[in-house]
S.K.: 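One structure, pasted below without further comment.
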There are 2 protein chains.
Amino acid sequence: MATKLLIVDDEPNICESLRLYLENEGYEVKIANDGVEGVSYFKMYEPDIVLLDIMMPRKDGWQVCREIREVSSRPIIMLTAKGEIFDKVLGLELGADDFIVKPFDMKELSARIKAVLRRYSSHDSAGDDEVVKFDNIEVSRQKYELKLCGKSVDIPPKELELLYFLASNYNRVFTRDQLLDKVWGFDYLGDSRTVDVHVKRLREKLEGVSDKWVLKTVWGVGYKFELLQ
Amino acid sequence: MATKLLIVDDEPNICESLRLYLENEGYEVKIANDGVEGVSYFKMYEPDIVLLDIMMPRKDGWQVCREIREVSSRPIIMLTAKGEIFDKVLGLELGADDFIVKPFDMKELSARIKAVLRRYSSHDSAGDDEVVKFDNIEVSRQKYELKLCGKSVDIPPKELELLYFLASNYNRVFTRDQLLDKVWGFDYLGDSRTVDVHVKRLREKLEGVSDKWVLKTVWGVGYKFELLQ
DNA sequence: ACACCAAGTTCACAATTCGTTCATTTTGGC
DNA sequence: GCCAAAATGAACGAATTGTGAACTTGGTGT
């Protein structure tokens with residue numbers, strides 16, 4: 001599967017030349033033309049990496065970065081015009097992963113994208129393992145392994161998939177139906193209460209592991225993996 | 001509000017047993033007895049999902065499917081008799097969402113309806129996140145989440161909907177009846193005092209959070225979310 | 001072929017939360 | 001002070017979620 005890349009920039013020429021070059025490199029590219037569009041495209045498209053301009057109408061790059069970080073930890077590279085005031089500290093605080101100054105060399109951008117993706121995907125182990133880590137918890141989708149407080153814990157596949165999905169989309173609420181869609185698959189035929197039971201069994205395993213996150217019920221809506229504070 | 005379902009089939013017994021079962025499941029069911037009727041009922045009734053027989057007098061299911069797809073993308077499940085020649089590829093091209101072979105198990109049909117609706121509805125909900133933000137407060141309609149001073153606070157669905165409505169129409173006064181209309185729905189039957197109680201509970205949660213806005217009573221009229229200064 | 005086991009699912013019932021109503025008290029306008 | 005409007009507190013019923021246990025299924029080993 002191709003790596004999905006989202007460009008958020010209000011200058012059409014830049015967007016197009018980026019798309020041309022990056023699609024040629026094998027990425028699947030989507031473009032958003034301002035900040036507001038950027039945030040909503042992010043949620044819809046779920047890209048693997050974001051190239052984010054700072055100066056934009058409607059909503060600037062800093063704000064977009066902030067809002068993306070509320071729901072995801074996917075890597076973000078900030079694009080900044082030469083001469084533009086650029087606060088690196090702010091960028092780091094907001095969780096950007098890298099910066100590049102316009103006009104930039106395509107080759108350099110490409111290299112930075114690869115570097116960031118590499119860093120991101122090898123948070124811990126080798127290869128492109130999909131791992132989610134928070135305080136005292138580590139979920140590896142590839143190894144189908146759950147580690148609590150550093151110790152490996154047995155867990156059935158479906159429970160792990162559910163936990164992985166919720167944790168990698170932390171702070172966001174999903175209805176039972178959405179979870180059936182995303183974790184069980186769009187063609188799943190079955191009762192939505194199945195989700196309840198898996199959540200319950202997950203909670204038994206996760207009980208008392210950390211006070212920095214919880215598997216929370218949002219009454220009348222569904223469930224979410226919530227990071228506290 | 002009940003999910004509206006349209007059955008297009010020329011066999012009265014099948015229609016009736018379907019109606020019986022599906023109404024019991026909570027759907028609002030309408031029946032069309034042939035293809036021509038099917039198309040015109042679709043336009044009038046605007047169902048959320050269609051069960052469509054293929055072999056029918058006057059106009060067959062393929063044609064009906066084609067005509068519905070010209071005006072709508074609502075989900076369609078094709079009903080096909082055992083032994084009938086059935087072209088899955090054609091079905092997909094025409095935009096049918098699922099197929100089931102007669103005679104079918106009611107439970108399976110029910111499961112397929114749910115699955116198709118689930119797929120369909122989690123499609124269009126991915127749009128813009130509706131968030132309202134003011135000093136120290138943030139209300140997300142999509143996430144059903146209230147944040148005060150950056151921290152997530154538990155809140156029942158109805159209270160959140162009310163708060164979201166008032167905050168997104170700040171400085172404007174609404175009578176209790178208007179609020180019942182907009183938040184509870186035009187067909188709500190009940191006491192307007194209900195609004196008072198929800199406002200009261202909201203005030204308990206919002207107390208002391210900010211001095212830049214307030215949930216204000218307009219005596220003799222109703223309530224408003226007022227921005228100060 | 002058979003029993004066995006674990007994962008996944010379904011089901012029935014218990015516990016909880018919410019929305020609503022109602023009775024009572026408090027407040028605001030005149 | 002009087003009256004209507006609004007705030008409040010308590011309580012009920014309905015809807016939602018939690019939970020334990022039974023059932024189904026697919027894989028394993030005998």
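Heavy-atom basis, side chains included; hydrogens, waters and symmetry copies ignored. Each chain gets a letter, A, B and so on, in the order the sequences are listed, and its residues count up from 1.
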S.K.: Compare side-chain N and O positions of A:Tyr188 against OP1 and OP2 of C:dG8 and report whether any pair is under 4.0 Å apart.
M.R.: no

S.K.: For the helix from C:dA1-D:dT30 to C:dC30-D:dG1, figure out the bend between the end axes, five pairs an end, and round to 10 degrees.
M.R.: 30°

S.K.: Ignoring the backbone of B:Lys107, work out which of C:dC11, C:dT20, C:dG19 is nearest its side chain.
M.R.: C:dC11

S.K.: With a 6.0 Å cut-off (strictly less than), is the heavy-atom count around NZ of B:Lys182, excluding the residue itself, greater than 12?
M.R.: no

S.K.: Are more than 12 heavy atoms from other residues, nucleotides or ligands located less than 6.0 Å from atom OH of B:Tyr45?
M.R.: yes

S.K.: Could you give the CG-to-P distance, from A:Leu163 to C:dG8, as a whole number of Å?
M.R.: 13 Å

S.K.: Take atom CD of A:Glu207 and atom C1' of D:dT19, then tell me their distance rounded to the nearest Å.
M.R.: 14 Å

S.K.: So B:Lys216 and B:Glu226, salt bridge (charged side-chain N to carboxylate O under 4.0 Å, His left out) or not? Walk me through it.
M.R.: CA-CA 7 Å; B:Lys216 196 172 197 171; B:Glu226 186 172 82; 3.0 Å; yes

S.K.: Taking all heavy atoms of B:Asp48 and all of B:Arg74, pick out the closest pair and write down the distance.
M.R.: O-CD, 3.8 Å

S.K.: Taking atom P of C:dT20 as reference, at what distance in whole Å does atom CG of B:Leu202 sit?
M.R.: 13 Å

S.K.: Does a donor on one side chain sit under 3.5 Å from an acceptor on the other, for A:Glu145 and A:Ser140?
M.R.: no

S.K.: Are B:Ser210 and B:Asp135 close enough that a side-chain donor and a side-chain acceptor fall under 3.5 Å?
M.R.: yes

S.K.: With a 6.0 Å cut-off (strictly less than), is the heavy-atom count around CD of A:Glu207, excluding the residue itself, greater than 12?
M.R.: no

S.K.: Please check if the distance between the ring centroids of B:Phe225 and B:Trp213 is under 6.0 Å.
M.R.: yes

S.K.: Between C:dG19, D:dG20, C:dT21, which nucleotide gets closest to the side-chain atoms of A:Val197?
M.R.: D:dG20

S.K.: Quick one: is B:Trp184 getting a side-chain N or O under 4.0 Å of the C:dT20 phosphate, OP1 or OP2?
M.R.: yes

S.K.: For salt bridge (charged side-chain N to carboxylate O under 4.0 Å, His left out), just list the numbers for A:Lys205 and A:Glu159, CA-CA rounded to whole Å, side-chain angles, deciding distance to a tenth of an Å, and then say yes or no.
M.R.: CA-CA 10 Å; A:Lys205 292 185 177 66; A:Glu159 278 174 50; 2.8 Å; yes

S.K.: Go along nucleotides 11-18 of chain D 5' to 3' and tag each nucleotide: B for a protein heavy atom under 4.0 Å from its base, S when only backbone or sugar atoms are that close, - otherwise.
M.R.: B----SBB

S.K.: Using whole Å, report how far CD1 of B:Ile155 lies from C1' of C:dC18.
M.R.: 12 Å

